[in-house]
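Chain letters run A, B, ... following the sequence lines, proteins first and then strands; every chain starts at 1.
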2 protein chains.
Amino acid sequence: MAKPVADPTVPLELSVDRSSPVPLYFQLSQQLESAIERGALTPGSLLGNEIELAGRLGLSRPTVRQAIQSLVDKGLLVRRRGVGTQVVHSQVKRPLELSSLYDDLEAAGQRPETRVLANTLVPASAEIAAALALGEGDEVHRVERLRLAHGEPVAYLCNHLPTGLLALEDARLEATGLYRLMRAAGITLHSARQSVGARAATAVEGERLGEPTGAPLLTMKRTTFDDKGRAVEFGSHTYRASRYSFEFQLLVRS
Amino acid sequence: MAKPVADPTVPLELSVDRSSPVPLYFQLSQQLESAIERGALTPGSLLGNEIELAGRLGLSRPTVRQAIQSLVDKGLLVRRRGVGTQVVHSQVKRPLELSSLYDDLEAAGQRPETRVLANTLVPASAEIAAALALGEGDEVHRVERLRLAHGEPVAYLCNHLPTGLLALEDARLEATGLYRLMRAAGITLHSARQSVGARAATAVEGERLGEPTGAPLLTMKRTTFDDKGRAVEFGSHTYRASRYSFEFQLLVRS
DNA sequence: CCCCTCCATTTGTCCGGACAATCGAACTTC
DNA sequence: GAAGTTCGATTGTCCGGACAAATGGAGGGG
């Protein structure tokens, strides 16, 4: 009796445009990624060996490998020596990038809203000076915002930034997220150190977010660095635990 | 007047062992990483161009590039076309890998302790069945543990696992973390979906962790997948917010 | 003095090839 | 029939070279 083959190699329509300025490996990786997303490449199926794939596309093997590697790094593919390259099952989404709450809410279709509560220059406290690698008492921007979704408060955001990096106008802060403003100002965000915890709301904190005193709050402190290693932002945020939680995906570094 | 040069190219003692089974690019990336960690490569300094570096080590440029690329992916280096490769400032530690609480505590020198509260087979609830891609009512392992550091409770860990994957003996669960057991059983962890939130402790939860009823707790739910895309574990954890917070570092995907 | 252009430097992309390491299956042997 | 062995397939590593693209500074022109 003929046993049905479980995971045959999947033929696929792939093509690259050599006249395009888009790198060939990137064109290929995007086509593969979209093929996975729309289900043309089913989970568990083999991708076909690299050499044959390269020949079929008129590319060299290193180029094909570069395309595949980028998807392996994203968690979409798994390579196995002597076996081949397989599509990973599961609902892999985003491996937790450095994203702003604004973008997260917008991506979730929640239409975020921002109210600027304060936007001033203040002397840096010890904690802020340490985080931003400045001297205690140096002037820094202080921005306090309330973030709402569907008209309901979700988070209270308090950020401190070094002076001279960015023009912080209330109107622009209300229209978009802080990270977008920083990117638009030519700052290349590189990495961030985060600390996520929880605590009971004080009377003031509860008032701001519409929660009773003592209600559990989710807290996040974050220092963001640009590609030159400068600390460009320090944020202390509190989220209504009843309305918000952090969702993300991790990959095992291998 | 001679202006002091800000960031000169740093000469460095590097060498590779061609008789070693360790890949050359890996030898090089490790040497560079340790040079950065011990400060021999100061933040902001240029690494010297790839071609010269390759010639100095007797390697080809692709090999050197592969070594450098792995450190770029780790966030330790930044490349700039026409400029060079620079060491990133800042205290980059670990870009948030999939780690167990046990390993985290151990790495922090806290000498973790585990008490197994329950270790049984139960029918899967709807939530657990959905997370593990099983049928509701199917038998699953249920493990309840209390994690302590310095003799104080830190977290209550409740995990559910499919049957047939792993032998779960109390003694082994008390000696190490769950992830180490899974790896030792030949399971290749690949990715995980997490959700981090906060809530007020119920009477039972407070009792377990030594907190008053209503105290804020940090909660984490996690489904872990292996490299074949199978869900191999679902965990519901609660942490004492007064004694624990998540610390991690993010990199911007570029 | 300022702005524009040109150019050297450096990384980004791509090619073609070679051999090694590992896996799984077919084969052989006991 | 079961266990060990061999072998083909596939990815991992490495080489050497070539040209393109971006950057920043030097030089020239206004």
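The side chain of B:T63 contributes an N or O atom lying less than 4.0 Å from OP1 or OP2 of D:dC15. At C:dT13, one or more side-chain N or O atoms of A:Y25 fall inside 4.0 Å of OP1 or OP2 (strictly under the cut-off). Considering only side-chain N and O atoms, A:T85 lies under 4.0 angstrom from the phosphate OP1 or OP2 of D:dT11.
B:L165 is linked by a side chain to side chain contact (heavy atoms under 4.5 Å, CB included) to B:P162, B:I187, B:R230, B:V232, counting only residues two or more places apart in sequence or in another chain. With sequence neighbours left out, the side chain to side chain contact (heavy atoms under 4.5 Å, CB included) criterion links B:A124 to B:I128, B:A129, B:V140. A search for side chain to side chain contact (heavy atoms under 4.5 Å, CB included) contacts involving A:A167 returns A:E169, A:R172, not counting sequence neighbours. Listed by chain and residue number, B:V72, B:D73, B:R79 satisfy the side chain to side chain contact (heavy atoms under 4.5 Å, CB included) test with B:Q69 (two or more places apart in sequence, or in another chain). Considering only residues two or more places apart in sequence or on other chains, A:Y25 meets the ring-ring contact (aromatic ring centres under 6.0 Å, His included) condition with none of them.
For A:P23, the listed nucleotide lying nearest its side chain is C:dC14; candidates were C:dC14, D:dG12, C:dT10. With D:dG16, D:dG24, D:dG12 as the choices, the nucleotide that has an atom nearest any side-chain atom of B:V83 turns out to be D:dG24. Listed candidates were C:dT13, D:dC15, C:dG16. Nearest to the side chain of A:Q66 is C:dT13.
With a 4.5 Å cut-off on side-chain heavy atoms, B:L14 and B:Q27 do not count as touching.
Donor-acceptor pairing under 3.5 Å is recorded for the side chains of A:S195 and B:E247.
At whole-Å resolution of the value, CG in B:D17 and P in D:dC14 are 12 Å apart. Between the CD1 atom of B:I68 and the C1' atom of C:dT10 there is a distance of 11 Å, rounded to whole Å. The CZ-P distance, from A:R65 to C:dG12, rounds to 19 Å in whole Å. Across the protein-nucleic acid pair, B:L28 atom CG and D:dT13 atom C1' stand 14 Å apart, rounded to whole Å. Nucleotide C:dG24 holds its C1' atom 12 Å from the CZ atom of A:R80, rounded to whole Å. Spacing between atom CG of B:N49 and atom P of C:dG12 amounts to 12 Å, rounded to whole angstrom units. We find that CD1 of A:I51 is positioned 10 Å from C1' of D:dA9, with the value rounded to whole Å. Computed from coordinates, the B:E50 CD to C:dT10 C1' distance equals 8 Å when rounded to whole Å.
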Write down the protein N/O and nucleotide N/O pairs, taken from nucleotides 18-20 of chain C, whose separation is under 3.5 Å; answer none if there are no such pairs.
from: C:dA18; atom 1: N6; to: A:R61; atom 2: NH1; distance (Å): 3.3

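Nearest-nucleotide positions on DNA chain C place A:V64 closer to the 5' end than the other of A:V64 and A:G82. Nearest-nucleotide positions on DNA chain D for A:G84 and A:P62 put A:G84 closer to the 5' end.
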